Amino acid sequence: MKERLAIFGATGDLTARYLLPGLAALRAGGHLGDGFQLIGASRHDWDSDEFRRWAAAQLDRHAAEFPAAAREAVVSSSSYRRADVTSPAAVADVVAGDGPVAAYLALPPAVFPAAVSALHEADLPAGSKIVLEKPFGEDLDSAVTLNQLLAEVVPEQAVFRIDHFLAMTTVQNVLGTRLANRMLEPVWNSTHIAEVDIIWDESLALEGRAGYYDGVGALKDMVQNHLLQLLCLVAMEPPISLGERDLRDRKLDVLRSVRPLTDADIVHHTRRARYTAGHGVPAYVDEAGVDPARRTETFAEVELELDNWRWPGTVFRLRSGKALGIDRKEVAVRFRHVPHLPLGHGGEALPNVLRFGLDPEDLTLDLTGIGARASTFAPLTLTAQIDPPELPAYGRLLLDVLEGNAALSIRGDEAEEAWRVLTPVLAAWSKDLVPLGEYPAGSAGPDPRRRDRNG
Ligand code: BG6
């Protein structure tokens, strides 16, 4: 394969922790040809040698599991240009060369419009692609504007809006398990399923990312993209194929079916909070680079319902928080109680829960069986480990970019619908209709306000 990847914002955290290791994985797996070229661009006043030294150090640090030869090959395929992404001349210099280029914007969302306009003027070679990191825009209006700008530069199939959750094996497994097992699909509806928790609770705190995170917050960082995408995979109708059109059409249907939230819904069915000091972690507002006046939430929870034939009455709870006491990263599908239990048994028959563990990657099913004392119900859990993926999520996505397969990236209309779902929440939160709560770092988060929805 002869491909060129130009990363704008190439000296940042994303390149160091995900893109360079992803490329090393591709190289180790024989997916990158000798003609592959990596062009790093950023505002640092570096030359190619300096960039290569930095890239080698990052690969040693974040990709030590891949053979040294693969890491070295990535480093030696790279070069560097100093560039201001808002300058058309500088951008043209970065992308100039033989054949198509994939322009990867590893940049804050506020810079996207200027960078895309610069790419437009740079006159990209035919067959080129543009890759963007979420959030795609800062709200619905800016997402629409960004999509219009992109459409002037490359066709939609050449736009890769990256959501690395979609390339995680267990996330893929949500859809795979649903559709490849005859016993699941007949009960995959609101007659049998009471609620679905889509949870990404992290013990990690801000990790020095205030420059990106402050002012963005948990709702835009996690719920608007990763968690809504998971909702799509859980709730979608079976697609005809996993090709980009079928998969993305069915995901769009789910987003379009989300019942619009009223202010009253938002008051009762959303929560936001930020962490205070605890367990050796400073309060969010005291983290370097944070402006407390932005009132950025580090915890967000939203309950949604879908207006369609399959899901009336099922509650989908999407939640993510940072600096929490326990990592809980899963999709938990909770079934309703059985309609009748024969008299004569002791104990309680708890509802079945099917859990897709996202990190660590596993699959568990909570059942009820008969315990050691005959005629007494007892919980029974089946657990399966998932084989480690051949490629890390970013390796898989970079391969898709290089091969031109957009199925796992977000289409423009999906990005816009996801903003539509959350626009009323953003508006209500900005008017303080929902108080910004607090929770100590290392705790279980703000007080739950959970209703029993189990029918
Ligand atoms: C990123 C978010 O997209 O996903 C982070 O910006 C979050 O805030 C991260 O921590 C979680 O994914 P991973 O794969 O880095 O654990």
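These numbers come from a predicted model, not from an experiment. Whatever order the structure lists ligands and atoms in, that order sets their numbers, starting from 1.
Ion pairing between a basic and an acidic side chain is recognised when a charged N comes within 4.0 Å of a carboxylate O; R52 and E50 show no such pairing. Using a 4.0 Å cut-off between charged side-chain N and carboxylate O, R411 and E156 make no salt bridge. Contact check on R71 versus D60 returns a salt bridge, with a Lys/Arg side-chain nitrogen under 4.0 Å from an Asp/Glu carboxylate oxygen.
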Can you produce the list of protein nitrogen or oxygen atoms under 3.5 Å from a nitrogen or oxygen of ligand 1, alongside each distance?
from: ligand 1; atom 1: 3 (O); to: K134; atom 2: NZ; distance (Å): 3.0
from: ligand 1; atom 1: 3 (O); to: H226; atom 2: NE2; distance (Å): 2.7
from: ligand 1; atom 1: 6 (O); to: K134; atom 2: NZ; distance (Å): 2.9
from: ligand 1; atom 1: 6 (O); to: R209; atom 2: NH2; distance (Å): 2.9
from: ligand 1; atom 1: 6 (O); to: D221; atom 2: OD1; distance (Å): 2.6
from: ligand 1; atom 1: 6 (O); to: D221; atom 2: OD2; distance (Å): 3.4
from: ligand 1; atom 1: 8 (O); to: R209; atom 2: NH1; distance (Å): 2.9
from: ligand 1; atom 1: 8 (O); to: D221; atom 2: OD2; distance (Å): 2.6
from: ligand 1; atom 1: 8 (O); to: K322; atom 2: NZ; distance (Å): 2.8
from: ligand 1; atom 1: 10 (O); to: E202; atom 2: OE1; distance (Å): 3.2
from: ligand 1; atom 1: 10 (O); to: E202; atom 2: OE2; distance (Å): 2.6
from: ligand 1; atom 1: 10 (O); to: K322; atom 2: NZ; distance (Å): 3.2
from: ligand 1; atom 1: 12 (O); to: H164; atom 2: NE2; distance (Å): 3.3
from: ligand 1; atom 1: 14 (O); to: H164; atom 2: NE2; distance (Å): 2.8
from: ligand 1; atom 1: 15 (O); to: Y18; atom 2: OH; distance (Å): 2.6

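Side chain to side chain, E414 and Q229 meet the donor-acceptor criterion of an N or O pair below 3.5 Å. For the residue pair D246 and S241, a side-chain donor N or O sits within less than 3.5 Å of a side-chain acceptor on the partner.
The aromatic rings of W311 and F316 stand perpendicular to each other, their planes meeting at an angle above 60°, with 30° marking the opposite boundary.
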